[in-house]
Amino acid sequence: GESVGLHLPTLSVQEGDNSIINCAYSNSASDYFIWYKQESGKGPQFIIDIRSNMDKRQGQRVTVLLNKTVKHLSLQIAATQPGDSAVYFCAEALTGGGNKLTFGTGTQLKVEL
Amino acid sequence: NAGVTQTPKFQVLKTGQSMTLQCAQDMNHNSMYWYRQDPGMGLRLIYYSASEGTTDKGEVPNGYNVSRLNKREFSLRLESAAPSQTSVYFCASSQASGMRYEQYFGPGTRLTVT
């Protein structure tokens, strides 16, 4: 089946810098995308979502960008903090089909002091 | 409001043993899901229940069965455990309506099959 993938398995950033985590998706019919944060030993935690009729959505210190032309999704974290260290997953869905999410393999974000 | 709860947190089984993983949500969500997560990988969908009374196979259903007991509870059963089923299992729930489709996850069950 089609899958969601990530470009970088590990990303190291300095505290206070901005982080950009990338994701490529292959199902052009997907109309809903989510970013999750997973800390060690815990379940994934919802960060932000975006529908395919939008190019950009902002939350608190996070921004998700969607480029449907190249089927690319990114998560930007402003002023990265030590508490942001985690694995980040993107996921895609075709809504109306039981809301099944297809997850990428994840990017490990390491924040250096 | 506990969100999504899972029991047990840890379990060790011998090959061929059976067990049931329990999941409950108190958010009045319609849809519930079971995923497995293997080291260094994303989550793969085992089974899901779009609404009370319905269940459907996901990406990796072989070796598992599920029961949507009521709107709150969704259990996952391993009838004859195999080492390949060693994984972390996550339950999730979602309202799956209107403009909101995000899923909320439980803390996971870490299962080892020897």
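In what follows, every chain begins at residue 1, and chains take the letters A, B, ... in the order their sequences are listed.
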| query | Within a radius of less than 6.0 Å around CD of A/Gln60, do more than 12 heavy atoms belonging to other residues, nucleotides or ligands occur? | reply | no
| Picking from B/Leu43, B/Asn30, B/Asp56, which has the most non-hydrogen pairs under 4.5 angstrom with chain A? | B/Leu43
| field | Heavy-atom contact with chain B under 4.5 Å, split by part of A/Ile34 | value | side chain
| said: Which atoms of A/Gln45 are under 4.5 Å from chain B, going by heavy atoms: the side chain, the backbone, both sets, or neither? | reply: neither
| Non-hydrogen atoms of A/Asp84 and A/Lys37 that approach each other most closely | CA-NZ, 4.0 Å
| Any donor and acceptor pair, going by atom type alone, linking the side chain of B/Glu73 with main-chain N or O of B/Asn70 inside 3.5 Å? | no
| In terms of heavy-atom proximity below 4.5 Å to chain A, should B/Gln6 be classed as side chain, backbone, both, or neither? | neither
| Which atoms of B/Arg44 come close to chain A, meaning under 4.5 Å heavy atom to heavy atom: side chain ones, backbone ones, both, or neither? | neither
| Parallel, tilted or perpendicular: which describes the rings of A/Tyr36 and A/Phe46, with under 30° parallel and over 60° perpendicular? | perpendicular
| said: Any carboxylate oxygen within less than 4.0 angstrom of a Lys/Arg side-chain nitrogen, looking at B/Arg36 and B/Asp38? | reply: yes
